[in-house]
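Encoded as structure tokens, the structure appears first; notes follow it.
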Amino acid sequence: MLQLQKIRENKDTYSNALKKRNIDATGVLNSVISLDEKRRAIQTELDATLAELNKRSKEIGMLFKSGQIKEANDLKAKTPSLKEASKKLGDDLDQTSKDLQELLFQIPNVPHESVPPGNSDEDNEEVFREGTIPELTKQALPHWELAKKYDIIDFELGVKIAGAGFPVYKGKGARLQRALIAYFLDKNTAAGYTEIQVPHLVNETSGYGTGQLPDKEGQMYHVQADNLYLIPTAEVPVTNIFRDEIIAKGKFPIKYTGYTPCFRREAGSYGAHVRGLNRLHQFDKVEIIRVEQPETSYQALDEMVEHVKNILRELKLPYRILRLCGGDLGFTAALTYDFEVFSTAQDRWLEISSVSNFETYQANRLKLRFKDENGKSQLAHTLNGSSLALPRVLAGILENYQTDEGIQIPEVLVPYCGFDKIN
RNA sequence: GGAGAAAUGGCAGAGUGGUCGAAUGCGGCAGUCUUGAAAACUGUUGAGGGUCACACCUCCGGGGGUUCGAAUCCCUCUUUCUCCGCCA
């Protein structure tokens, strides 16, 4: 959520920057400002009324104490009008605050200056590419065929148990999944991230805290009996650790990593692009999360990007990095780098990681602050990234490492798997 | 799931209708002393709104109510603890 004071100060800058998302925010920003003015006017009036009421209450108390019962009762008789006024002003204030908040919920984060304008993923800017795309034989198969051939992932079985998009991993497939999770966590902890295990269901407040609610209401699985949401990413529970916290100086940097399954309804997705592991309702992901001071957050973002690069280098997968354009940028992000692995057998790029800086957008909702040098509370910056998401990495490995003799396991994963080939 | 008890500042813990944003202790910060540190002593130390700065307003788990006045009384929800039941 954007900060009111910043909106007041930077209305035109914000409005211009938001154009990169292809939205004209001028009207909303103006409404926000006028609503905020209205809110403050009501607040001032309410404060004055309450001050008067408080003053009289104290006087009445003193009069009773000193035995001046009649005077006290006279004064008492004069309070109902003030009470009425304060009640009405209080209701007005609540309504105005609610309206204001609803409006603020509708405004996405302001894109970073480096974000290119654009409408869709076609306008994303490739900033880096590395790795060799392997030459595959004529018999090369897409991963869903390989999965069947070697009996390592059973999509139909998942349909039987749960539905489409809930695959069952078997034998070496299951072991490879576990190996990847362990490998990713090891890499992350070696880079200074503290491993953490968090709930896979979150409450409504947490959903609002990181911005999934109300924006992505229909995308999360909702357990209505208990009003809990299945997490779409570890970002939600991990970042919410810091909700309502004031971080003491000296506690930075804050770096967490966690493995969780992720649940996404993916309402509206269909077609060839969702085949196999390309798009699932449940998948595994290892996430890295950081809380930073504003001065260091973009350096932290670069570090996270470098970190993910190192992992992909070790896995020897061909990949590229995109700077997302305004039209493709997530609602809460100020800047996002997407990592895509090249899926040779499908001849297309698959998104495997998304590394973002949210600046103060989430922190403002979370009330996540820190004490600056002057001892003043300031909103922190939050960041997160996948390091990494499993299914498409798995798809990339299966497809790029396939040979006529079977699927070679990337060298770094062999110790984790206990085998070097799937055949 | 049933019965009972509880929820107060970073922590511990007092406060059962008025001058309480809240004693006290610990912790934090600043200072005195010291070569330095520790100890001791002195001061300071919650958050948000508002203001140039004050004033002023709000917050004692959340929400609602009673009252001129609520941390304190009532209702409700949530959470924690104890006992019982169930259970990986």
Side-chain angles (χ1 to χ4, degrees), chain A residues 1-9 32-101 103-104 197-209 213 222-229 237 240-252 254 261 291 360 362-380:
Chain A
M1 191 157 66
L2 298 178
Q3 297 170 76
L4 271 171
Q5 203 191 326
K6 293 270 170 72
I7 294 178
R8 268 185 260 153
E9 289 165 5
V32 165
I33 289 170
S34 66
L35 217 48
D36 179 48
E37 273 164 14
K38 183 180 166 195
R39 204 211 87 235
R40 283 187 295 155
I42 297 171
Q43 177 89 62
T44 305
E45 206 182 331
L46 176 63
D47 283 359
T49 311
L50 288 175
E52 181 64 24
L53 210 49
N54 287 343
K55 205 178 107 203
R56 290 203 191 177
S57 294
K58 267 178 197 162
E59 282 170 17
I60 291 169
M62 306 264 244
L63 288 172
F64 271 125
K65 213 160 228 182
S66 60
Q68 296 166 273
I69 310 294
K70 187 183 174 308
E71 288 82 350
N73 281 324
D74 285 350
L75 206 50
K76 235 165 100 167
K78 290 177 185 164
T79 54
S81 63
L82 281 172
K83 282 189 76 176
E84 235 168 82
S86 75
K87 175 98 176 78
K88 191 188 166 304
L89 286 166
D91 290 346
D92 280 359
L93 186 68
D94 286 349
Q95 190 56 50
T96 310
S97 303
K98 212 176 269 177
D99 292 347
L100 182 58
Q101 178 144 78
L103 221 47
L104 285 169
Q197 291 194 9
V198 289
H200 299 165
L201 282 84
V202 293
N203 59 29
E204 200 177 1
T205 311
S206 294
Y208 276 97
L213 292 173
H222 185 200
V223 182
Q224 280 171 350
D226 298 294
N227 197 24
L228 293 171
Y229 293 85
N240 269 280
I241 289 172
F242 302 100
R243 172 154 43 83
D244 293 323
E245 291 290 323
I246 299 176
I247 313 286
K249 42 184 164 179
K251 293 282 181 196
F252 291 103
I254 293 172
V291 179
T360 59
Q362 292 182 325
N364 192 29
R365 287 199 191 177
L366 294 161
K367 302 232 174 344
L368 163 52
R369 292 156 295 174
F370 68 95
K371 289 277 185 202
D372 66 17
E373 313 80 58
N374 306 320
K376 296 250 299 179
S377 295
Q378 243 195 79
L379 290 175

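Model, not experiment: these values are computed from the prediction. Below, read A as the first sequence line, B as the second, and so on, with proteins coming before strands; counting in each chain starts at 1.
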Taking OP1 and OP2 of B:G48, is either one under 4.0 Å from a side-chain nitrogen or oxygen of A:Ser377? yes

Can you check side chain to side chain contact (heavy atoms under 4.5 Å, CB included) on A:Leu366 and A:Asn240, steps first, answer last? CA-CA 7 Å; A:Leu366 294 161; A:Asn240 269 280; 3.3 Å; yes

Using the six-membered ring wherever Trp is involved, compare the ring planes of A:Tyr229 and A:His222 and label them parallel, tilted or perpendicular (cut-offs 30° and 60°). parallel

Measuring from the side chain of A:Ser57 (C-beta onward, heavy atoms only), which nucleotide among B:G50, B:A47, B:G69 has the closest atom? B:G69

The answer to which of A:Thr44 and A:Thr79 contacts RNA chain B further toward the 5' end, by nearest nucleotide, is A:Thr44

From CG of A:Leu63 across to P of B:C68 the rounded distance in Å is 15 Å

Looking across every strand, which nucleic acid part, if any, lies under 4.0 Å from A:Lys371 by heavy atom: base, sugar-phosphate, or nothing? sugar-phosphate

Do the side-chain N or O atoms of A:Arg369 get closer than 4.0 angstrom to the phosphate oxygens (OP1, OP2) of B:G48? yes

Measuring from the side chain of A:Ile60 (C-beta onward, heavy atoms only), which nucleotide among B:U67, B:G18, B:G50 has the closest atom? B:G18

Grab the CG-P distance between A:Asp244 and B:U79 for me, whole Å please. 17 Å

How many Å lie between CZ on A:Arg8 and P on B:G49, as a whole number? 10 Å

Could you tell me the separation between the NZ atom of A:Lys83 and the C1' atom of B:C68, rounded to a whole number of Å? 7 Å

For B:G4, give the paired nucleotide (Watson-Crick: N1-N3 plus N6-O4 or O6-N4; G-U: N1-O2 and O6-N3; both under 3.5 Å), or none. B:C81

Going 5' to 3' through nucleotides 56-62 of chain B and flagging B where a protein heavy-atom sits under 4.0 Å of the base, S where only the sugar-phosphate is that close, and - otherwise, we get SSS----

Grab the NZ-P distance between A:Lys78 and B:C68 for me, whole Å please. 16 Å

Could you tell me which nucleotide pairs with B:C52 by Watson-Crick or G-U wobble geometry, both distances under 3.5 Å, or answer none if nothing does? none

Can you check the A:Lys58 NZ to B:G18 P distance for me, whole Å? 13 Å

Pairing partner of B:C11, by Watson-Crick or G-U wobble and under 3.5 Å for both distances, is B:G25

